[in-house]
2 protein chains.
Amino acid sequence: MKTESIRTRGAESSGSISVHDQKREHILAVAEDLFYRNGYAGTTIADIVRELGVTKPFLYYYFSSKSDIFETLCWRASHACLTAMHFKPDDERAAIDKLREGLHRFAAANVSYFKSGTFAYREGGALDPAFMKKLRTMARRFYKELCALLEQARNDGELDFDDAKLTALSIGSIAGFMYTWYKPGGRIGPEDMVKELTRILMKIAGAYSQPASAASKIGRGRNAGRAIRNPSI
Amino acid sequence: MKTESIRTRGAESSGSISVHDQKREHILAVAEDLFYRNGYAGTTIADIVRELGVTKPFLYYYFSSKSDIFETLCWRASHACLTAMHFKPDDERAAIDKLREGLHRFAAANVSYFKSGTFAYREGGALDPAFMKKLRTMARRFYKELCALLEQARNDGELDFDDAKLTALSIGSIAGFMYTWYKPGGRIGPEDMVKELTRILMKIAGAYSQPASAASKIGRGRNAGRAIRNPSI
DNA sequence: CCTACCGATCGGTAGG
DNA sequence: CCTACCGATCGGTAGG
């Protein structure tokens, strides 16, 4: 497969995965690609088994239904993306540093799960309402955590933005729509893509400065224009 | 069909729309809402006619097929959003000013068509390949025009960004994913939403300063709840 | 784990 | 002979 370079799940990479789980993962990988390309309703069980070279009852031995496969994919990807802003309660770092790390994790998760990361948003009508509710709760927590960090960092004088919620939604949107244009193996490799995306997300938050490695590229002073807008800082 | 949408919109605002076109527009409005909420495959002809309180043959008198309805909606919205960066050849203004106007038009079109603006991306599998090709050509031109303006304005010393294509795609992503969170009648009215979105888009491009008028606070929108369909800028 | 097959529901159209 | 529809049902295909 093409995209497993970034997605390193523990058991899978250590080789201790059972044959049963291997077959399950293969079904999931093929189904993920078909759902990504043709949508939930546009993908039939017959499509999946044809691509796998197996029969329908084979598939139904591993999964109870079409939605079972879809929800498994959906949950994995959404969980990976939406827990990026979780930090341990004893993490005492500055808000701006936690934000930068969290947004980097968020960008990395979205690049890694670019096929299924936003299934929940695009195919909400096809999902079980109870399952959707759990995903919505997780998404709400993500935005709550992101908004809190944004406002803390702004109070610290590190950020410049108007509306926290709208800023957070814009950040989520860049990752959420990435599936329409990102393809692995393109002009920009996955690692550089994550770095660039993180920079753009920090830009939306109105970060005054970038990490030293990136700041060297800027010829014209960033702080000159910003300082005029917010003389209080 | 696809090109008559402009004529229909003009007649709509002047009040001289025929009874035939009124009924056609009513079907489109109901179908747009259902496609938006349940997706293309998740919406049946039976759903649409039930919501309308008519029969299927009534609907098939106005449209030749389910995809005919969908493509009409898709084309209108995509056309409105993706022509935002068109400027007359004799427009001699500075790139930064054209960019700001174009991004404002783009934000306004996406707010106005928040239900159907990104049907083409989410439901590509359901659309006719030839139709999809026309949409992709239009999208490519949008990004080409946007990239050109971005690079011109950067050469003028007005912008600060790394990669033009990635910046343009990020700008498109914010508008493209807005359908997941924007609802008219929310905390921020449509006019303020367009202004704020435009500011955020300019921020991604690395604009050093904002126009004075945009510094106004967002809050109680006067026209909250009324979607702006025809933003003449 | 396959062959064979089901209940239901889909988009689209017949005659009047 | 046209328009604007209605009650009933078509052939094909979906998930299971």
Side-chain angles (χ1 to χ4, degrees), chain A residues 18-74 119 123-132, chain B residues 1 4 8 17-74 119 123-132:
Chain A
S18 70
V19 176
H20 180 277
D21 283 357
Q22 272 179 29
K23 294 188 177 177
R24 221 179 115 89
E25 289 304 320
H26 189 214
I27 293 170
L28 286 171
V30 166
E32 181 186 32
D33 188 62
L34 287 169
F35 287 142
Y36 163 67
R37 289 193 282 123
N38 306 321
Y40 180 76
T43 302
T44 69
I45 294 291
D47 292 336
I48 299 172
V49 298
R50 193 188 313 119
E51 186 73 22
L52 284 163
V54 301
T55 61
K56 288 191 208 175
F58 174 93
L59 188 148
Y60 278 96
Y61 172 76
Y62 293 96
F63 295 94
S64 67
S65 65
K66 186 185 179 186
S67 59
D68 182 19
I69 303 173
F70 194 72
E71 287 186 2
T72 301
L73 291 166
C74 215
F119 276 172
E123 308 273 8
L127 287 164
D128 175 55
F131 181 75
M132 275 297 288
Chain B
M1 304 303 283
E4 91 182 79
T8 304
I17 187 171
S18 69
V19 175
H20 180 275
D21 283 356
Q22 272 179 29
K23 295 189 175 178
R24 221 180 115 88
E25 291 302 320
H26 188 214
I27 293 169
L28 287 171
V30 166
E32 182 186 31
D33 189 62
L34 287 169
F35 287 142
Y36 164 66
R37 289 193 280 123
N38 307 322
Y40 180 76
T43 301
T44 68
I45 295 292
D47 291 336
I48 299 173
V49 296
R50 194 188 312 119
E51 186 73 22
L52 284 163
V54 301
T55 61
K56 283 194 209 175
F58 175 92
L59 187 148
Y60 279 96
Y61 172 77
Y62 293 96
F63 294 93
S64 67
S65 64
K66 186 186 178 185
S67 59
D68 182 19
I69 303 173
F70 194 72
E71 287 187 2
T72 302
L73 291 167
C74 213
F119 276 173
E123 308 273 8
L127 287 164
D128 175 56
F131 181 74
M132 274 298 287

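Heavy atoms only: backbone and side chains are in, while hydrogens, waters and symmetry mates are out. Quick caveat, the model's predicted, so the values are computed rather than measured.
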Review point. Counting just side-chain N and O atoms, does A:Thr55 come under 4.0 Å of either OP1 or OP2 of C:dC1?
Key: no
Review point. Closer than 4.0 Å, any side-chain N/O of B:Tyr61 to the OP1 or OP2 of D:dC5?
Key: no
Check your understanding: Between D:dA4 atom P and B:Arg24 atom CZ, what is the distance in whole Å?
Key -> 13 Å
Practice item. Please report, rounded to the nearest Å, how far the P atom of C:dG11 is from the CD1 atom of B:Ile45. Key: 6 Å
Review point. Hey, does A:Ser67 reach any base, or is it just sugar-phosphate, or nothing, if we go heavy atoms under 4.0 Å?
Key: nothing
Check your understanding: Does D:dG16 have OP1 or OP2 sitting under 4.0 Å from an N or O in the side chain of A:Tyr60?
Key -> yes
**Study point:** Within 45° cone of B:Tyr40 ring axis and under 6.0 Å: B:Lys66 NZ or CZ
**Key:** yes
Review point. Between C:dC1, D:dG16, C:dG12, which nucleotide gets closest to the side-chain atoms of A:Lys23?
Key: C:dC1
Review point. Under 4.0 Å between a Lys/Arg side-chain N and an Asp/Glu carboxylate O for B:Asp21 and B:Arg24?
Key: no
Practice item. Round to a whole Å and report the spacing from CG of B:Asp47 to P of C:dT9. Key: 12 Å
Check your understanding: Between B:Ile27 (CD1) and D:dC5 (C1'), how many Å, whole number?
Key -> 12 Å
**Study point:** Residue A:Ser65, side-chain heavy atoms: nucleotide from C:dC2, C:dC10, D:dG16 that is nearest
**Key:** D:dG16
Point to revise | Given C:dG11, D:dA4, C:dT3, the nucleotide with the shortest approach to the side chain of B:His20 | key: D:dA4
Exercise for review: Kindly say if A:Tyr62 contacts the phosphate of C:dC1, meaning a side-chain N or O under 4.0 Å from OP1 or OP2.
Suggested key: yes
Review point. Any donor and acceptor pair, going by atom type alone, linking the side chain of A:Asp47 with main-chain N or O of A:Thr43 inside 3.5 Å?
Key: no
Practice item. Provide the distance between the two P atoms, one in C:dG16 and one in D:dA4, to the nearest whole Å. Key: 22 Å
Point to revise | Under-4.0 Å side-chain N/O to phosphate OP1/OP2 contact, A:Lys66 with D:dG15 | key: yes
Exercise for review: Working to the nearest 0.5 Å, report the span between CD of A:Glu71 and OG of A:Ser64.
Suggested key: 9.0 Å
Revision key, fill the gap. In whole angstroms, the gap separating C1' of D:dG15 from CG of A:Asp68 amounts to 14 Å
Review point. C:dT13 P sits how many Å from B:Phe63 CZ, rounded?
Key: 15 Å
**Study point:** Interatomic distance at P, D:dA8 relative to C:dG12, whole Å
**Key:** 22 Å
Exercise for review: Determine the interplanar angle of the B:Tyr62 and B:His20 rings, folded into 0 to 90°, and report it as parallel if under 30°, tilted if 30 to 60°, perpendicular if over 60°.
Suggested key: tilted
Exercise for review: Write down the distance between CZ (B:Phe58) and C1' (C:dT13), rounded to a whole number of angstrom.
Suggested key: 17 Å
